[in-house]
Amino acid sequence: MLQINFLRENKAEAIRLLAIKYFNATEIIDQIIKLDDERKSIQKILDEQLAESNKLAKEIGGLYKSGNLEKANEFKAKTVELKQSSKSLADDLAQTSKTLTEKLIELPNIPHSSVPIGKTDADNELIYEEGEIPVLHVKAKPHWELAKDFDIIDFDLGSKVTGAGFPFYKGQGARLQRALINFFLDEAINAGYLEYQPPLFVNEDSAFGTGQLPDKEGQMYYIGEDNFYLIPTAEVPITNIYRNVILKETDFPIKNVAYSNCFRREAGSYGKDVRGLNRLHQFDKIEIVQVQQPEKSYETLEEMKDYIATLLRKLELPFRIVRLCGGDLSYASALTFDFEVFSAAQKMWLEVSSVSNFESFQANRLKLRFKDKDGKTQLAHTLNGSALALPRIVAALLENNQTPEGIKIPEALRAYTGYDLIS
RNA sequence: GGAGAAAUGGCAGAGUGGUCGAAUGCGGCGGUCUUGAAAACCGUUGAAGGUCAAACUUCCGGGGGUUCGAAUCCCUCUUUCUCCGCCA
């Protein structure tokens with residue numbers, strides 16, 4: 001959620017920048033400013049009436065004490081009148097504020113100045129590439145066949161027990177999952193992150209706080225009976241730790257990491273993109289979340305980007321980093337880098353991580369603030385990134401490391417898997 | 001699931017209808033003293049809206065109600081604690 005004062009002071013600039021996300025904000029910003037003016041003027045009148053009411057109520061107390069009942073009753077009648085009109089003003093105020101918030105929520109975050117112009121992922125800017133693309137032997141297979149051959153992931157069994165997109169991992173496959181989870185958590189802890197194990201369900205306030213509601217409602221699993229949402233990422237519970245929180249400057253930097261199952265309905269997905277591990281309804285992810293002071297948030301984004309690169313390097317996977325263009329940038333993000341690993345048998349780049357700076361956009365919804373040096377409260381910045389999402393890492397590991405003998409496990413993981421080769 | 005108790009400022013904890021945004025203690029900040037620190041003493045110390053600044057308004061778990069007036073009374077929801085039941 002953007003700040004009204006920012007929109008007031010930088011209207012033309014905001015319209016220009018939002019157009020980079022292909023969002024036409026001209027009309028809505030005018031509406032917002034008008035609603036805010038309305039809100040202020042209603043509040044002003046309401047305040048005056050309430051002040052009058054309060055004053056009279058105090059005087060009535062005094063009049064009773066001095067026994068001046070006649071005057072007291074006269075004042076009473078006045079306050080009753082005031083009460084009625086202030087009640088209707090309060091309703092107006094609530095209605096105006098509600099409409100204002102609804103309008104504000106429609107606006108996406110302003111993209112950072114470095115965001116490239118473009119409409120689709122084809123327009124994303126490649127900023128870095130590392131590692132050698134492996135040359136596979138002629139009989140190389142995609143990961144879903146390998147998973148079956150080695151009997152480490154059972155998609156059919158998942159379909160039977162639950163449905164498509166809910167695989168079983170078994171034997172060495174299950175162990176590999178556990179190894180990756182522990183590896184990613186340990187790496188993060190060594191890099192100074194605090195580990196959390198969050199709830200997998202969140203309430204409505206939390207789903208709203210990180211921007212999943214109302215925009216992505218259909219993408220989340222929902223437990224109607226208790227009004228809970230299944231988390232699509234640990235970002236949701238972890239970031240909501242800071243909902244309605246005022247931090248001290250000394251609390252920074254806040255670096256949290258959490259492993260969780262992630263649940264996504266993925267309504268509307270189909271085709272080769274959803275084959276095997278490429279897109280699941282339930283998957284495992286380790287998420288890093290940072291809360292920072294505004295001046296330092298882009299420095300932090302770089303730090304997170306570098307950190308994620310070290311993970312892929314340790315896993316010996318060829319990867320590249322792209323800067324998302326305006327059209328591909330998510331609603332809440334100001335700047336996002338995607339990490340993609342090359343999946344050698346599918347011969348395609350798979351997105352395994354997305355690291356973003358939301359600036360104060362989430363913080364404004366969350367009411368996540370801090371007291372600066374001058375003692376003023378201001379919105380903090382939030383950032384997060386996957387470090388990393390397992391399924392596509394597993395897909396790439398299986399495909400890229402396949403040999404006639406079996407699938408080789410990268411050095412860094414062996415202490416965790418307890419084996420060198422899937423066979 | 002059943003019965004009871006409770007929810008107040010960063011923390012602890014008073015306050016049961018009328019200068020209560022809220023005593024007191026701790027903590028924080030500023031100062032006096034000190035070579036420096038501690039102790040002691042003095043002062044200060046919640047948030048939001050609003051304003052050039054003020055005035056003013058709102059907030060004592062959330063929502064609703066009674067009243068001229070509510071932290072205080074009523075209803076409701078949530079959470080916590082104690083006891084019982086069940087249980088990984």
Side-chain angles (χ1 to χ4, degrees), chain A residues 1-9 32-104 197-209 213 223-229 237 240-252 254 261 291 360 362-380:
Chain A
M1 194 158 76
L2 296 170
Q3 292 170 267
I4 296 173
N5 285 342
F6 170 83
L7 294 173
R8 275 182 188 280
E9 286 157 25
I32 284 167
I33 292 172
K34 191 164 158 264
L35 281 164
D36 193 45
D37 287 339
E38 241 172 85
R39 198 198 97 243
K40 281 186 193 172
S41 75
I42 295 171
Q43 177 143 52
K44 201 174 166 195
I45 302 167
L46 177 63
D47 282 1
E48 281 163 9
Q49 294 202 355
L50 290 172
E52 179 70 16
S53 252
N54 287 343
K55 210 177 111 206
L56 287 172
K58 268 180 195 157
E59 283 174 23
I60 289 167
L63 289 170
Y64 271 122
K65 265 179 201 151
S66 62
N68 192 344
L69 290 182
E70 199 181 319
K71 192 86 180 161
N73 284 327
E74 188 189 314
F75 279 12
K76 263 197 198 181
K78 260 194 216 171
T79 57
V80 170
E81 241 172 75
L82 278 171
K83 204 183 165 182
Q84 271 169 0
S85 73
S86 61
K87 171 112 173 120
S88 94
L89 278 171
D91 289 345
D92 288 354
L93 183 66
Q95 187 53 48
T96 307
S97 302
K98 190 172 162 245
T99 314
L100 178 59
T101 306
E102 281 165 6
K103 287 285 168 198
L104 269 175
Q197 207 173 104
L200 303 181
F201 300 174
V202 293
N203 58 30
E204 203 175 331
D205 285 347
S206 295
F208 177 82
L213 286 181
I223 313 268
E225 200 173 352
D226 296 297
N227 201 15
F228 289 148
Y229 293 86
N240 271 286
I241 292 172
Y242 304 98
R243 174 152 49 82
N244 283 322
V245 165
I246 298 177
L247 296 162
K248 295 186 290 246
E249 258 200 331
T250 49
D251 292 331
F252 296 113
I254 290 174
N261 295 118
V291 182
S360 61
Q362 282 184 331
N364 196 23
R365 278 193 172 201
L366 291 162
K367 298 277 166 285
L368 160 52
R369 292 159 295 178
F370 72 100
K371 271 201 195 295
D372 65 18
K373 282 188 196 71
D374 309 323
K376 291 197 73 171
T377 38
Q378 55 167 305
L379 294 171

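Side chains are part of it too, since the values below use all heavy atoms of this structure and drop only hydrogens, waters and symmetry mates. Order of the sequence lines fixes the chain letters, A, B, ..., with proteins taken first and strands second; residue numbering starts at 1 for each chain.
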Could you check whether the rings of A:Phe252 and A:Phe370 sit parallel, tilted or perpendicular, using 30° and 60° as the cut-offs?
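Rings of A:Phe252 and A:Phe370: perpendicular, as their planes differ by over 60°.
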
[X] [atom1] - [N] [atom2] separation (whole Å):
| X | N | atom1 | atom2 | result |
| --- | --- | --- | --- | --- |
| A:Asn5 | B:C52 | CG | P | 12 Å |
| A:Asn54 | B:U67 | CG | P | 17 Å |
| A:Ile246 | B:G46 | CD1 | P | 12 Å |
| A:Asp47 | B:A48 | CG | C1' | 12 Å |
| A:Leu93 | B:C56 | CG | P | 20 Å |
| A:Lys58 | B:G18 | NZ | P | 13 Å |
| A:Lys76 | B:G17 | NZ | C1' | 13 Å |
| A:Leu379 | B:A48 | CG | C1' | 13 Å |

At under 4.0 Å, does any side-chain N or O of [X] touch on OP1 or OP2 of [N]?
| X | N | result |
| --- | --- | --- |
| A:Lys55 | B:U19 | no |
| A:Arg369 | B:A47 | no |
| A:Lys87 | B:G65 | yes |
| A:Ser53 | B:C68 | no |

Take atom [atom1] in [N] and the same atom in [M], then report the distance between them in whole Å.
| N | M | atom1 | answer |
| --- | --- | --- | --- |
| B:U35 | B:C42 | P | 23 Å |
| B:G64 | B:U78 | C1' | 15 Å |
| B:C26 | B:G18 | C1' | 32 Å |
| B:C59 | B:A5 | P | 28 Å |
| B:C33 | B:U58 | C1' | 43 Å |
| B:U32 | B:G50 | C1' | 38 Å |
| B:A6 | B:A12 | C1' | 16 Å |
| B:U66 | B:A71 | P | 16 Å |

Residue whose closest nucleotide on RNA chain B lies nearer the 5' end, A:Asp36 versus A:Glu52
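The residue whose closest nucleotide sits nearer the 5' end is A:Asp36.
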
When you match A:Leu56 and A:Leu50 each to their closest nucleotide on RNA chain B, which lands nearer the 5' end?
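Nearest-nucleotide comparison on RNA chain B picks A:Leu50.
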
A:Glu70, CD: over 12 other non-hydrogen atoms inside 6.0 angstrom:
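No - once you tally the heavy atoms of other residues, nucleotides and ligands closer than 6.0 Å, there are 12 at most.
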
[X] vs [Y] side-chain heavy atoms within contact, under 4.5 Å:
| X | Y | result |
| --- | --- | --- |
| A:Arg39 | A:Leu93 | yes |
| A:Leu7 | A:Asp36 | no |
| A:Gln362 | A:Val291 | no |

Applying the Watson-Crick and G-U wobble criteria at under 3.5 Å, what pairs with [N]? Answer none if nothing qualifies.
| N | answer |
| --- | --- |
| B:G25 | B:C11 |
| B:A6 | B:U79 |
| B:C52 | none |
| B:G30 | B:C42 |
| B:A71 | none |
| B:U35 | none |

Using modelled atom types only, decide if a donor and an acceptor are shared between the side chain of A:Asn54 and the backbone of A:Ala51 within a distance under 3.5 Å.
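Absent.
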
Between A:Asn364 (side chain) and A:Leu2 (backbone), is there a donor-acceptor pair under 3.5 Å?
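Yes, because the side chain of A:Asn364 sits within donor-acceptor range (under 3.5 Å) of the backbone of A:Leu2.
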
Nearest to side-chain heavy atoms of [X], which nucleotide of [options]:
| X | options | result |
| --- | --- | --- |
| A:Ile60 | B:G18, B:G69, B:G50 | B:G18 |
| A:Ala51 | B:U57, B:U67, B:G50 | B:U57 |
| A:Arg39 | B:U67, B:G18, B:G49 | B:G49 |

What nucleic acid atoms does A:Lys44 come within less than 4.0 Å of, heavy atoms only: base, sugar-phosphate, or nothing?
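Answer is nothing: A:Lys44 stays at 4.0 Å or more from every strand.
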
